[in-house]
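Only one structure is covered here, and it is reproduced in the block below.
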Amino acid sequence: MKRKPYLSGAILAIIILCCLLAEVIAPFGSSQMDPAAVSMAPGGGHIFGTDAMGRDLFSMLLYGGRASIYIGLLAAAVSTVIAVVYGSISGMAGRIADSMMMGFAELIMSVPSILLILFLQAIWGNPSATSIALAIGLTGWMNMAKVVRSEVRQIGKSDYILASRTMGAYFGYMLKKHLLPNFISSIMYMVVTAIGQAMITESTLSFLGLGLPLTTVSWGSLMSMSESVLLSNCWWLIVIPGTILVITLVCITQLGEYIRRGNNRMHSNL
């Protein structure tokens, strides 16, 4: 048996807890400037150093983690809800409707998600953490929907599903009572992975200058300062946020991989 990811879970829990308790832990506000400590290297009164405006990097990491984690969780929730409903409807539908719905999902998948996100952002206007999370969620449900559809097609052959349909049970009832409990374990690793993918997408958008406004701090927006960091030789402004982001993503990936292995073992025992 594979080892359980206790270390990854503990590290991830510590990171999330520290971000939630930013007001208590952070020595400075996320936008508080210290003119006497501009571009200061780690040490002294600023454990992780400061940026070109004198803002404490440690404090910005704590407050910025809130935005990044919020985007990851909300985007994963949106994509999961859409995938579950869409995939279940497709799996329960007839052959023609199923083919059309899966064809539509394949069509959306053929378009780079970054373009769809930028299109939605252009419609909604000024980006915010919520709008970015919604855009990521609305463009990242297709793979999960295909897995849900496959699971529902198999479950739909069961006697209790056929009996429920014969008795006139409505879709919402069958989804809640019969379908969701049977395929939720199969998609949990995709849900966990979607959180990390959303955080990566937000970081990519910020790196390209298309993410959150400058007034909103996130791990992605901190990474977007890489160009000025390279010119000023302030290595800590890119190395430390990048390290924290990578550690978080590795922990999330480890948890998702453990869930996937557990689901594969469960299916192999059936």
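Along the sequence shown, the residues carry numbers beginning at 1.
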- [ ] Rounded to the nearest 0.5 Å, what's the gap from CG on L118 to CG on L205? Could you check?
- [x] 6.0 Å
- [ ] Find out whether I259 and V191 are in side-chain contact, i.e. whether some heavy atom of one side chain is under 4.5 Å from a heavy atom of the other.
- [x] no
For residues 95-111, which side-chain N or O atoms pair as donor and acceptor with protein atoms under 3.5 Å away, sequence neighbours left out?
from	atom 1	to	atom 2	distance (Å)
D98	OD1	S90	OG	2.4
D98	OD1	R149	NE	3.1
D98	OD2	R149	NE	3.3
D98	OD2	R149	NH2	2.5
S99	OG	R95	O	2.9
E106	OE2	K146	NZ	2.8
S110	OG	L107	O	2.5

Task: side-chain hydrogen bond (donor to acceptor under 3.5 Å, both in side chains) against Q121, all qualifying residues, sequence neighbours excluded - done: S131
Task: L115 reachable from I132 in the ILVMFWY side-chain graph, under 4.5 Å edges - done: yes
Open item on the list: Would you compute the distance between atom CZ of F183 and atom CD1 of I155 and round it to the nearest 0.5 angstrom?
Closed with: 6.5 Å
Open item on the list: Hydrogens and angles aside, do S59 and Q32 bring a side-chain donor and acceptor to less than 3.5 Å of each other?
Closed with: no
Task: Side-chain cluster (under 4.5 Å, hydrophobic types only) that M33 belongs to, other residues - done: M53
Open item on the list: So E151 and I187, do their side chains get closer than 4.5 Å, heavy atoms only?
Closed with: no
Cut-off 3.5 Å, no hydrogens considered: what does the side-chain donor-acceptor table look like for residues 240-253, sequence neighbours left out?
from	atom 1	to	atom 2	distance (Å)
T243	OG1	V239	O	2.6
T248	OG1	I244	O	2.9
T253	OG1	L249	O	2.8

- [ ] Start with the C-alpha distance between L212 and E202, add both sets of side-chain angles, then the distance that settles side chain to side chain contact (heavy atoms under 4.5 Å, CB included), and finish with yes or no.
- [x] CA-CA 8 Å; L212 295 172; E202 184 272 325; 3.9 Å; yes
- [ ] Say whether M40 and L222 are linked into one hydrophobic cluster, either directly or through other cluster members, by side-chain heavy-atom distances under 4.5 angstrom.
- [x] no
Open item on the list: Just so I know, are the side chains of T201 and I117 near enough to count as touching, which here means a heavy-atom distance under 4.5 Å?
Closed with: yes
TODO: Return the minimal non-hydrogen interatomic distance between L138 and W141, and the atom names on each side.
DONE: O-NE1, 3.0 Å
Open item on the list: How close do I82 and G137 get, counting heavy atoms only, and between which atoms?
Closed with: CD1-O, 4.4 Å
- [ ] Answer with yes or no whether the hydrophobic clustering places V38 together with I47; edges join I, L, V, M, F, W, Y residues whose side-chain heavy atoms lie under 4.5 Å apart.
- [x] no
Open item on the list: Once rounded to the nearest 0.5 Å, what's the spacing between atom CG of D56 and atom CG of L61?
Closed with: 9.0 Å
TODO: Could you pull out the closest heavy-atom pair between Y86 and A145, with the gap in Å?
DONE: CD2-CB, 4.3 Å
- [ ] For residues 27-59, pull every pair meeting ring pair (Phe, Tyr, Trp, His ring centres under 6.0 Å), keeping only residues two or more places apart or in separate chains.
- [x] F28-H46, F48-F58
Task: Other residues, nucleotides, ligands: >12 heavy atoms within 6.0 Å of I184 CD1 - done: yes
Task: I114 CD1 to I136 CD1 distance, which is reported to the nearest 0.5 Å - done: 8.0 Å
Task: D51 side chain reached by M60 side chain, heavy atoms, under 4.5 Å - done: yes
What donor-acceptor contacts under 3.5 angstrom involve side-chain atoms of residues 66-79, with partners at least two apart or in another chain?
from	atom 1	to	atom 2	distance (Å)
R66	NE	C19	O	2.8
R66	NH1	E23	OE2	3.0
R66	NH2	L20	O	2.9
R66	NH2	E23	OE1	2.3
R66	NH2	E23	OE2	3.3
S68	OG	G64	O	3.4
S68	OG	W219	N	3.0
Y70	OH	T130	OG1	2.8
S79	OG	A75	O	3.1
S79	OG	A76	O	3.0

TODO: Look up atom CG in L21 and atom CG in L17, then write down how far apart they are to the nearest 0.5 Å.
DONE: 4.5 Å
Task: Gap between atom OG of S8 and atom CG of L255 - 0.5 Å precision - done: 6.0 Å
